[in-house]
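Encoded as structure tokens, the structure appears first; notes follow it.
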Amino acid sequence: TPPAQIRNFCIIAHIDHGKSTLADRMLQITGVVEARQMRAQYLDRMDIERERGITIKSQAVRIPWEQDGQTYCLNMIDTPGHVDFTYEVSRSLAACEGAVLLVDAAQGIEAQTLANLYLAMENNLTIIPVLNKIDLPAAQPEKYAEEIARLIGCEPEDVLQVSGKTGAGVEELIDEIVAKLPPPVGDPDAPARAMIFDSVYDNYRGVVTYVRVVDGDLNPREKIVMMSTRATHELLEIGVSSPEMHPSKGLGVGEVGYLITGVKDVRQSKVGDTVTNAGKPADTAIGGYKDPNPMVFSGLYPLDGSDYPTLRDALDKLKLNDAALVYEPETSVALGFGFRCGFLGLLHLEIVRERLEREFNLDLISTQPNVVYEVTMDDGSEIIVTNPSEFPYGKVSEVREPVVKATILAPSEFIGAIMELCQSKRGQLGGMDYLSEDRVELRYTLPLAEIVFGFFDQLKSKTRGYASLDYQESGDQVADLVKVDILLQGEAVDAFSAVVHKDRAYAYGNMMAGKLKELIPRQQFEVPIQAAIGARIIARETIRAIRKDVLAKCYGGDISRKRKLLEKQKEGKKRMKNIGTVEVPQEAFIAALSSD
Ligand code: GTP
């Protein structure tokens, strides 16, 4: 297809604002997918995505469209919809000339959408503003059209009104995409350059790589080079998805499609990388490539130690499909053998954990998530800490922690509550804007560690669920951080060590000591629970000795009953872990590690 007849676009929307429904409706109206073949939500492939209603992996669909006797080829590129996947979103946007800004007409714009809208504007994309779900009785198109108009600088009348559900306005939207978006530009005679915006592992075909061609062309059987690694592959197949994969004779300037080279690991086909022709390579890669950078770490351990090999195999398999997942074996006194895993963020962690439990039938216990700390020691040496129990004590000259730029949208009545919360989380206000009379956007710089510790839940509860949050990593800052260890009878329980701000150390120590006192059963001897910073004890609780009580209950009673009780006690011990001489039931660890 000549570039003049190509339009590449994506849909920016908040979760639940109806992106999948609208995309499906477009496929149906354009005849790409017959109505009766239509699986609900064609574009969301993974089960978990469908169940949780989130889109993780982006994909492209080619859509034909006739307008004024001219046949156009529209490529709809699906963008992931969550904070953890900002980089993937940015690459999807970079593959497009325009974006449909889709907003629920009963809800208005949300923080996530706003953040992605800014990203699209930075990429110079043409924005087509659309209100969706206008069939809803609760829709307030006038109010929200005004909000959107103010944000992107257009007239409220320019905001289209559609319903993905009924199909109203959808044809007009497609016409608008053709009319408003510029066609792609590129040099057809230059060496080939194509940007990878997605890469998906398929059990049968190996890695399927989605690309947008910028210059030149790519053809079957050619040798290609990945410019970030210089690795060479043969193009076994090249084609377009609509939405099933159809092999084609090649892809030219502005076209969007997939490549198959037979590689088995998405790490060999990285999002953001540039593909060129090995025989006639381009000099410079397309800008913006970044290696995925794990931001949040957690230890994952099998509940049953004998599942360790299964966990290892499962992680190896997931990795094929997930370039951002990193892990290495680790052992914990408290939890046994497991892995320290790195994730893009909390949702990514949850998804991986859920897939491990569901697809591989594993029961797992995970440690409290933590961020990565950079520590400069007095002698100038640098340590990267991904496990709080390895945080050094003493001789530390500087600690740096990652910070994020957060955008919070909420009804203006909650400004006070939000500011108070952010302040208590060491946040710094960057700015505040009114979207309309009663809705406000707050911008904060916050330590990522504070977000990881239940920030979103607290924000929701302080705003009765009305606030929405988005954040992007934004470098790091020096902070006064210390490691708090939790000791049982003088022995540190590694899984409970945490790196916290100095002002928060006592609170954390007291909280954990109190929690453990409730959770750990009494032993034959007294067990002190202490919280410590280095050698300094900052909190203490005591579990009193008890064993006598068990037998005391059946004083005078018959001996067999006594034996039974002891027998039972023994059974319980099978699932016990020993911390020094203290026996701790596994349940206590699980309960203590689950968030407060
Ligand atoms: P994610 O895949 O989670 O990002 O959500 P999404 O934005 O793709 O939303 P989805 O298409 O799954 O729609 C979310 C909910 O809104 C579903 O219950 C849809 O049935 C409903 N919905 C979508 N479009 C419309 C619409 O035009 N009108 C009405 N009344 N409901 C709609």
Side-chain angles (χ1 to χ4, degrees), residues 9-30 32-33 35 38-61 63 76-86 88-89 92-93 99-117 119-120 128-145 148 159-174 176 198 200 243 344-348 350-351 354 409 456 460 465 468-470:
F9 74 100
C10 57
I11 302 176
I12 297 176
H14 187 69
I15 289 166
D16 272 352
H17 281 202
K19 184 172 73 176
S20 307
T21 308
L22 177 68
D24 286 345
R25 181 65 64 189
M26 286 180 163
L27 298 189
Q28 192 212 334
I29 284 180
T30 55
V32 173
V33 181
M38 231 167 69
R39 237 188 322 128
Q41 311 210 329
Y42 212 98
L43 291 180
D44 291 352
R45 282 158 301 164
M46 288 156 63
D47 281 349
I48 292 181
E49 288 182 39
R50 203 163 315 148
E51 271 173 42
R52 319 182 106 218
I54 46 171
T55 311
I56 302 158
K57 277 293 181 185
S58 48
Q59 195 193 20
V61 189
I63 303 172
M76 174 165 60
I77 291 170
D78 198 19
T79 53
H82 189 275
V83 282
D84 289 358
F85 304 97
T86 302
E88 292 190 19
V89 175
S92 305
L93 295 177
V100 171
L101 172 67
L102 189 73
V103 176
D104 187 323
Q107 308 264 320
I109 200 158
E110 304 278 358
Q112 177 74 62
T113 321
L114 200 56
N116 287 343
L117 171 66
L119 216 54
I128 298 184
V130 179
L131 284 170
N132 190 27
K133 307 197 189 181
I134 49 158
D135 59 296
L136 283 179
Q140 293 179 272
E142 291 78 29
K143 174 179 176 184
Y144 293 122
I148 294 172
V159 180
L160 298 185
Q161 302 195 0
V162 309
S163 165
K165 190 169 176 182
T166 66
V170 177
E171 289 192 28
E172 289 82 349
L173 170 59
I174 305 175
E176 183 94 346
D198 199 4
V200 184
L344 292 173
L346 288 177
L347 179 84
H348 187 210
E350 239 182 272
I351 290 167
E354 205 167 308
L409 286 196
F456 189 57
K460 281 281 178 195
S468 67
L469 165 76
D470 185 84

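Both ligands and their constituent atoms are indexed starting at 1 by order of listing. Sequential numbering from 1 along the given sequence is applied to the chain's residues.
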What are the atoms of ligand 1, with element, lying closer than 4.0 Å to any heavy atom of His14?
-> 7 (O)

Would you mind listing which atoms of ligand 1 come within a distance below 4.0 Å of any non-hydrogen atom of His17?
-> 7 (O)

Per-atom contacts of ligand 1 with Asn132, taking only distances under 4.0 Å to non-hydrogen atoms | 24 (N), 27 (O)

Side-chain (Ser92) to main-chain (Glu88) donor-acceptor, under 3.5 angstrom = yes

Does Leu136 approach ligand 1 within less than 4.0 angstrom via side chain, backbone, both or neither, non-hydrogen atoms only?
-> side chain

Where does Ser163 meet ligand 1, judged by heavy-atom distances below 4.0 Å: at the side chain, the backbone, both, or neither?
-> both

Short version for Asp135: what comes under 4.0 Å of ligand 1, heavy atoms counted, is side chain

Identify which one of Asp104, Asp78, Asp24 satisfies the salt bridge (Lys or Arg N to Asp or Glu O under 4.0 Å) criterion when paired with Lys19.
-> Asp78

Would you name the heavy atoms of Val100 and Val130 that are closest together and state the gap between them?
-> CG1-CG2, 3.7 Å

With only distance considered, is Gly18 within less than 3.5 Å of ligand 1 through an N or O on each side?
-> yes

Nearest-option assignment for atom 16 (O) of ligand 1, heavy atoms, candidates Arg25, Lys133, Gln112 = Lys133

Go through ligand 1 atom by atom and flag the ones less than 4.0 Å from a non-hydrogen atom of Ile15.
-> 3 (O), 4 (O)

Is it true that a side-chain atom of Thr79 and a backbone atom of Val89 form a donor plus acceptor pair closer than 3.5 Å?
-> no

Locate the shortest heavy-atom distance separating Phe9 from Met26; write the atom from each residue and the value.
-> CZ-SD, 4.2 Å

Subset of ligand 1 atoms that lie under 4.0 Å from at least one heavy atom of Lys19 = 6 (P), 7 (O), 8 (O), 9 (O), 11 (O)

Is the number of heavy atoms from other residues, nucleotides or ligands within 6.0 Å of NZ (Lys143) greater than 12?
-> yes

Examine distances only and state if a side-chain atom of Arg25 and a backbone atom of Lys165 form a donor-acceptor pair shorter than 3.5 Å.
-> yes

Look only at interatomic distance and state if Val162 has a nitrogen or oxygen under 3.5 Å from any nitrogen or oxygen of ligand 1.
-> no

Considering distance alone, does some N or O of Thr166 sit under 3.5 Å from an N or O of ligand 1?
-> no

Using a 4.5 Å cut-off on heavy atoms from C-beta on, say whether the side chain of Thr113 contacts that of Asn116.
-> no

